[in-house]
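No hydrogens, no waters, no symmetry mates; every other heavy atom, side chains included, goes into these values.
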Amino acid sequence: MSASNFTFRMPDELREKLEQDAKRDSRSLSNLIIKVLNDYVENKSEDKEKR
């Protein structure tokens, strides 16, 4: 799988919470964000299929 860089801004408090969650799950912050985005896309696809 190829990957590309994407830069965005987020509130400091959100980043801190995500970093804590990533650490708890033994993940990097980047890996957690990718997981969250993948879960979102999968859920949206499932919602469309149900309609």
Quick note, side chain to side chain donor-acceptor pair (under 3.5 Å) partners involving residues 3-15, not counting sequence neighbours, are Arg15-Glu19
Those residues at least two apart in sequence (or on a different chain) that pass side-chain contact (heavy atoms from CB on, under 4.5 Å) with Ser30 are Ser28, Ile34
May I ask you to decide whether Asp39 forms a salt bridge with Lys35, counting only side-chain N to carboxylate O separations under 4.0 Å?
yes
The reported gap from CG in Leu37 to CZ in Phe6 (rounded to nearest 0.5 angstrom) is 9.0 Å
Side chain to side chain donor-acceptor pair (under 3.5 Å) against Asn43, all qualifying residues, sequence neighbours excluded:
none
Same apolar cluster: Phe8 and Leu32, side chain cutoff 4.5 Å
yes
